[in-house]
Asker: 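Would you mind keeping the following structure in view while I ask a few things?
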Amino acid sequence: MDTDVIVVGAGPTGLLLAGDLATAGARVTVLEKRPAGLSNLTRAFAVHARSLEVLDARGLADELLTRGQRVESLRLFQHLTVELADLPSRFRFVLVTPQYEVERLLRRRADEAGATFRHDTEVTALSQDAGGVTVTTADGAGLRARYLVGTDGARSTVRGAVGIPFPGRAVIRSMVLADVRLDRQPPDLLTVAAANDSLGFLAPFGDGWYRFIGWHGNRDVGEDEPVDLDEVRAIARATLHDDFGMSGTRFLSRFHADERQAPTYRAGRVLLAGDAAHVHSPAGGLGMNTGMQDAANLGWKLAAALRLPDDAADAVLDTYQAERHPVGRQVLRTSGGILRVATVPGPLVAAARRGVVGLVSRVAPVRRRAALTISALGVAYPAPRGSHPLVGTRARDLPLEGGSRLAEALRAGRFVLVAAAGAAPADLAAAPGEVDPAERVVVRRTDGGATALLVRPDGYVAGAAACA
């Protein structure tokens, strides 16, 4: 084997996965067709609370906070406001920061952990057998690994090479994307609006430039149709009711948004994550976040699979599909629901829209559920019958002896056994995917709780019991 795991694609999903694998001691090689130093086209600007927790467990969140601005109330298309200030997290907000800032931190971490990067390297074919996966690149070179993960986006070469379908449809065609200067600052940091059969989104890069994404329902042209500033201004005025004095541009393009999901995220030794596995509309800003959470779930399982016999490795990797595929399906429903609430015309739909907005605004449990869904803090995984109620749920960032937090204990990339202060650690059995219980990080909680927790490297509870 040339390496243990090949990751195809160096966006946020691939970078987080590569860093996790390298931190766990795996040999990982990232293949990226872009030249070194050329960032992805930034479409993501929102980093939600659960993603910030994922980054916190890797020592990156505090630095990222200095590169963005916080929004405690997320207003979606002028119809629906989701309050985030009461989220059960250290991060009770959405962080507005361009995707390249997230990539920069994740790339640095992966480099420091020892991941190998090959840029200007396009995958053209792959094959697999019982022992591994062989990749062929555009220059004719070959590379072999025990596993391969496709994080190469909606047009995934990896997904196509292993024959995994990508059913779905386009939900918005001919969206325009523009980087613009503004003469007048918008009243909201993150502006999302729908009006006159059109959509508009405006967010700051933080350097004086703004990203505008817009769509006019009555203009359905091909993606190769040129975009000019007049069209961008017109959509902004139709949706935001102001073009804020849009002037200079540095980028203009046109694209479409699909709703698609692969029926399986795994074909033998090849797995999919991020946009290669699921894509949806930009509504809610969920795409990059879901991809990074895919990677957090998959990374420790792949690291364990490298150390386990084949049968046990397969069982661990099967849990990736079982846990993350339903999450991807729910994200498509959430994003699609937000989009339809905002855009579908007609008096009956308008009445239903007012009812939904009123329900979310007035009923506290519904309002809380909306915030947990958008932030992904409400994601829980299936637990075996008879398990403790906490198994499969996200572990809260508990305070620990010595003034540290659970997120800091998770930075080692290992299972963490949390015992109550003054009590003997509970004898919790090895969890699925836990190769050696002797490698656990053992800590003590200081919040007064009397329950011992076995926390997986991705921050979810694998076992729980009352402390003796």
Asker: Parallel under 30°, tilted from 30 to 60°, perpendicular over 60°: which one fits the rings of F415 and W300?
Answerer: perpendicular

Asker: Is any side-chain heavy atom of R92 closer than 4.5 Å to one of E83?
Answerer: no

Asker: Which heavy atom in P204 sits nearest to a heavy atom in V96, and how many Å separate them?
Answerer: CD-CG1, 4.1 Å

Asker: Calculate, to the nearest 0.5 Å, the distance between atoms OH and CG belonging to Y147 and L306 respectively.
Answerer: 6.5 Å

Asker: Using 0.5 Å steps for rounding, measure from the CZ atom of R58 to the CE atom of M292.
Answerer: 9.5 Å

Asker: Return the OG1 to CD1 distance between T116 and I6, rounded to the nearest 0.5 Å.
Answerer: 11.0 Å

Asker: Would you say R109 and D20 make side-chain contact, with heavy atoms under 4.5 Å?
Answerer: yes

Asker: Can you see which heavy atom on V30 is nearest to which on A18, and at what distance?
Answerer: CG2-CB, 3.6 Å

Asker: Are R159 and F166 in a cation-pi setup, meaning NZ or CZ lies under 6.0 angstrom from the ring centre and within 45 degrees of the ring axis?
Answerer: yes

Asker: Knowing that exactly one of D152, V7, L271 qualifies, which makes a side chain to side chain contact (heavy atoms under 4.5 Å, CB included) with V158?
Answerer: D152

Asker: Please round to the nearest 0.5 Å and tell me the distance separating atom CD of Q293 and atom CG of N297.
Answerer: 10.0 Å

Asker: Would you call E101 and R67 a salt bridge, taking side-chain N to carboxylate O under 4.0 Å as the test?
Answerer: yes

Asker: How far apart are the C-alpha atoms of E63 and R104, what are their side-chain angles, what is the distance that settles it, and do they pass the salt bridge (charged side-chain N to carboxylate O under 4.0 Å, His left out) test?
Answerer: CA-CA 11 Å; E63 184 175 351; R104 178 181 62 83; 3.7 Å; yes

Asker: Any non-hydrogen side-chain atom of S375 less than 4.5 Å from a side-chain atom of S89?
Answerer: no

Asker: I need the minimum non-hydrogen distance between A257 and S281, along with the two atoms involved.
Answerer: CB-CA, 4.1 Å

Asker: Please determine whether a side-chain nitrogen of the Lys or Arg among R144 and D2 lies less than 4.0 Å from a carboxylate oxygen of the Asp or Glu.
Answerer: no

Asker: Can you establish whether the number of heavy atoms outside D311 located under 6.0 Å from its atom CG is more than 12?
Answerer: no

Asker: So, are E53 and R394 salt-bridged, with charged N and O less than 4.0 Å apart?
Answerer: yes

Asker: Going by an N to O cut-off under 4.0 Å, is there a salt bridge joining R269 and D310?
Answerer: yes

Asker: Is there a side-chain contact between R329 and L332 in this structure, where contact means two heavy atoms from C-beta onward sitting under 4.5 Å apart?
Answerer: no

Asker: Could you check, using the six-membered ring where one of them is a Trp, whether Y210 and F244 have ring centers closer than 6.0 angstrom?
Answerer: no

Asker: Donor-acceptor pair, D294 side chain versus G274 backbone, under 3.5 Å?
Answerer: yes

Asker: Roughly how far, to the nearest 0.5 Å, is the CZ atom of R50 from the CG atom of D56?
Answerer: 10.0 Å

Asker: Locate the shortest heavy-atom distance separating A452 from L428; write the atom from each residue and the value.
Answerer: O-CD1, 4.1 Å

Asker: Could you point out which residue of L177, L240, L182 forms a side chain to side chain contact (heavy atoms under 4.5 Å, CB included) with F212?
Answerer: L240

Asker: Check whether any side-chain heavy atom of T319 lies under 4.5 Å from a side-chain heavy atom of P382, and answer yes or no.
Answerer: no

Asker: One pair to check against salt bridge (charged side-chain N to carboxylate O under 4.0 Å, His left out): D397 and R405. What are the steps and the verdict?
Answerer: CA-CA 6 Å; D397 189 17; R405 298 177 290 113; 2.5 Å; yes

Asker: Mind checking whether L148 and V5 have side chains closer than 4.5 Å, heavy atoms only?
Answerer: no

Asker: Do V94 and L84 come close enough that some side-chain heavy atom pair is under 4.5 Å?
Answerer: yes

Asker: So, are R155 and D258 salt-bridged, with charged N and O less than 4.0 Å apart?
Answerer: no

Asker: Evaluate L52 against H48 for side-chain contact (heavy atoms from CB on, under 4.5 Å), listing each step before the verdict.
Answerer: CA-CA 6 Å; L52 288 167; H48 287 293; over 6 Å; no

Asker: Evaluate side-chain hydrogen bond (donor to acceptor under 3.5 Å, both in side chains) for T13 paired with T151, printing each intermediate quantity in order.
Answerer: CA-CA 6 Å; T13 302; T151 63; over 6 Å; no

Asker: Carefully, step by step, assess R27 and L21 under the rule side-chain contact (heavy atoms from CB on, under 4.5 Å).
Answerer: CA-CA 7 Å; R27 297 177 302 156; L21 288 165; over 6 Å; no

Asker: Applying side-chain contact (heavy atoms from CB on, under 4.5 Å), run through H280 and L286 and close with a yes or a no.
Answerer: CA-CA 9 Å; H280 47 81; L286 306 176; 3.9 Å; yes

Asker: If I compare all heavy atoms of A395 with all of V461, which pair ends up nearest, and what's the gap?
Answerer: CB-CG2, 4.0 Å

Asker: State whether R333 and E259 are salt-bridged, where the test is any N-O pair (Lys NZ or Arg NE/NH1/NH2 against Asp/Glu carboxylate O) under 4.0 Å.
Answerer: no

Asker: Would you call the rings of H119 and F117 parallel, tilted or perpendicular if under 30° counts as parallel and over 60° as perpendicular?
Answerer: parallel

Asker: Assess whether side-chain contact (heavy atoms from CB on, under 4.5 Å) is satisfied between T29 and L143, documenting all intermediate values.
Answerer: CA-CA 10 Å; T29 300; L143 188 67; 4.0 Å; yes

Asker: Write down the atom of L406, the atom of R396, and the distance for their closest heavy-atom approach.
Answerer: CD2-O, 3.3 Å

Asker: Mark yes or no for whether E32, through its side chain, and A10, through its backbone, hold a donor-acceptor pair below 3.5 Å.
Answerer: yes

Asker: Would you indicate whether the side-chain heavy atoms of R445 and L453 approach each other to under 4.5 Å?
Answerer: yes

Asker: To the nearest 0.5 Å, how far apart are OH in Y265 and CG in L298?
Answerer: 11.5 Å

Asker: Strictly distance-based, threshold 3.5 Å: is any side-chain N or O of R440 a donor or acceptor partner for the main-chain N or O of V416?
Answerer: no

Asker: Begin with the C-alpha distance, continue with both residues' side-chain angles, and end with the deciding distance and a verdict on salt bridge (charged side-chain N to carboxylate O under 4.0 Å, His left out) for D318 and R266.
Answerer: CA-CA 8 Å; D318 283 344; R266 182 182 176 207; 2.7 Å; yes

Asker: How about Y460 and Y381: are their ring centres within less than 6.0 Å of each other?
Answerer: yes

Asker: Might you work through the salt bridge (charged side-chain N to carboxylate O under 4.0 Å, His left out) test for E434 and R456, ending with a clear yes or no?
Answerer: CA-CA 8 Å; E434 187 180 15; R456 305 184 335 186; over 6 Å; no

